[in-house]
Amino acid sequence: MQGSRFKLLLPALSVILVIAFISPFIVSSPFWLDNSVLVAIFSLMALSMGMAYGQAGILSIAPAAFASIGAFATSVVTTRYGLSPLIGLGLALVLPMLLAYPMARAITRLSPLPLSIATLLLSLVLELAIREGGEFTGGYIGLSGIPTLWFAPNLVSMHILGWLLVALVLVLYVNLTNSAIGRAVRTARHDPLRATADGVQVPSLLAVYFALSASVAGLAGWLYAHHLTYMGPDSLTMHVSIKIMLMAVIGGASTFLGPILGAAFLTLITLYLPAAETQGMIFGAVLILVLLVAPNGVLGTDWRRILHGRKRKSDVARVQPAVGGGAA
């Protein structure tokens with residue numbers, strides 16, 4: 001029993017240990033602390049993509065849209081009405097769920113493509129609504145003066161808070177995946193007829209899981225808004241959603257730590273790329289390379305099996321000429 005509990009906590013403990021090791025080296029650098037917080041935020045969005053696509057098989061192109069809902073919700077209530085960021089946190093968690101559930105509930109009966117198109121349209125409509133929102137959303141100017149979190153007023157505390165939230169989401173995600181609900185979701189993804197025969201309401205279950213993933217993205221948007229203290233119409237666009245999708249796919253969307261690895265990798269290499277055009281070329285090249293070498297992502301691929309298979313092929317190639325020579 002204790003071993004199974006430790007196994008459930010292992011992904012979160014791994015993240016905490018890595019951050020505890022890295023923190024002393026970056027704690028005196030505002031640049032690296034700021035980027036660490038951004039990696040934590042993108043990790044939350046990538047985990048949202050991992051839940052929706054890696055586990056439930058729902059290809060969403062709107063993790064940034066759900067994050068934007070959470071970000072603008074907390075931005076509006078804190079700047080326009082002077083409410084606590086904790087109220088904004090509640091809205092950031094609930095509003096994306098309320099939007100994601102009925103949308104998925106109506107479309108998951110169909111093939112995965114309609115839901116992907118619906119999330120794409122959601123991103124475009126939301127971007128337009130933010131730009132045309134006038135004073136309420138800040139319009140084309142955006143909302144500035146978003147308050148920092150009173151319990152995380154500086155970069156060091158935001159760094160700690162961001163990764164604690166990642167660890168917390170990982171614990172909940174791992175336990176949910178290994179619960180009866182998680183097993184039902186996997187069955188519904190790979191064999192919907194069997195899941196239906198087992199008494200699972202497949203459309204409702206997948207819609208609930210998709211709504212939970214949207215809530216995680218809303219949490220990332222809440223942290224994003226209070227970290228940057230500004231939200232504009234170009235802050236969390238469809239391009240960010242595509243970037244998040246690349247993070248999850250490259251790291252391994254079906255694994256727990258893969259989306260975090262992908263988020264760290266793409267965020268850090270972005271620092272050393274000179275222009276957006278170069279970033280697109282590098283991201284595309286990395287994606288093609290990963291899909292060719294490791295279709296399930298870096299952490300989702302059984303590297304021992306691949307290396308063992310290549311070793312066996314090389315052994316066979318060496319043996320065959322020897323056998324042929326003996327026959328001659």
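Everything numeric here is computed off the predicted structure, so don't read it as measured data.
Closest non-hydrogen pair, A263 versus M247, comes out as CA-SD, 3.5 Å. Of all heavy-atom pairs between A167 and A12, the closest is O-CB, 3.6 Å. Between L170 and L47, the closest heavy-atom pair is CD2-CD2, 4.1 Å. Of all heavy-atom pairs spanning I146 and T79, the tightest one is CA-CG2, 3.7 Å. Closest approach of V76 to L143, counting heavy atoms only: CG2-CD1, 3.9 Å. The minimum heavy-atom distance linking P96 with F66 is given by the pair CG-O, 3.7 Å.
At least one side-chain heavy atom of L176 sits under 4.5 Å from a side-chain heavy atom of I181. Between T196 and L193, every side-chain heavy-atom pair lies at or beyond the 4.5 Å cut-off. Counting heavy atoms from C-beta outward, R105 and S204 have side chains that approach closer than 4.5 Å. T177 places a side-chain heavy atom less than 4.5 Å from the side chain of Y209.
More than 12 heavy-atom neighbours from other residues, nucleotides or ligands sit within 6.0 angstrom of CZ on F151. Within 6.0 Å of CD1 in I141 there are 12 or fewer heavy atoms belonging to other residues, nucleotides or ligands. Other residues, nucleotides and ligands contribute more than 12 heavy atoms inside 6.0 Å of the CD1 atom of I242. Counting non-hydrogen atoms of other residues, nucleotides and ligands closer than 6.0 Å to CZ of F42 gives a total above 12. Around the CZ atom of F31, the shell of radius 6.0 Å holds more than 12 heavy atoms that belong to other residues, nucleotides or ligands.
Hydrophobic clustering (side-chain heavy atoms under 4.5 Å, transitive across Ile, Leu, Val, Met, Phe, Trp, Tyr) groups Y224 together with L86. Cluster annotation: I269 and I41 are assigned to the same hydrophobic cluster (Ile/Leu/Val/Met/Phe/Trp/Tyr, side-chain heavy-atom contacts under 4.5 Å, transitive). Under the 4.5 Å side-chain contact rule for hydrophobic residues, V208 and L172 do not share a cluster. Taking hydrophobic clusters as Ile, Leu, Val, Met, Phe, Trp and Tyr residues chained together by side-chain heavy-atom distances below 4.5 Å, L122 does not share a cluster with L128. M231 and V125 are not part of a single hydrophobic cluster, where members link through side-chain heavy atoms under 4.5 Å apart.
Annotation: side-chain contact (heavy atoms from CB on, under 4.5 Å) contacts of A152 (sequence neighbours excluded): L149, S157, M158, L161.
For residues 10-28, the side chain to side chain donor-acceptor pair (under 3.5 Å) pairs, not counting sequence neighbours, are S23-H159. Residue pairs meeting the ring-ring contact (aromatic ring centres under 6.0 Å, His included) criterion with at least one partner in residues 172-191, sequence neighbours excluded, are Y173-F256.
Between H226 and T74, the side chains place a donor N or O and an acceptor N or O closer than 3.5 Å (distance only, hydrogens not considered).
Although no hydrogens or angles enter the test, the distance criterion places a donor-acceptor pair under 3.5 Å between the side chain of S235 and the main chain of G232. Side chain of S123 to main chain of M238: no donor-acceptor pair is present (N/O by atom type, distance under 3.5 Å, no hydrogens or angles). Remark: the backbone N or O of A71 is paired with a side-chain donor or acceptor of S75 at under 3.5 angstrom. A donor-acceptor contact shorter than 3.5 Å is absent between the side chain of R194 and the backbone of A188.
We find that D234 and R131 are joined by a salt bridge, their nearest charged nitrogen and carboxylate oxygen being less than 4.0 Å apart.
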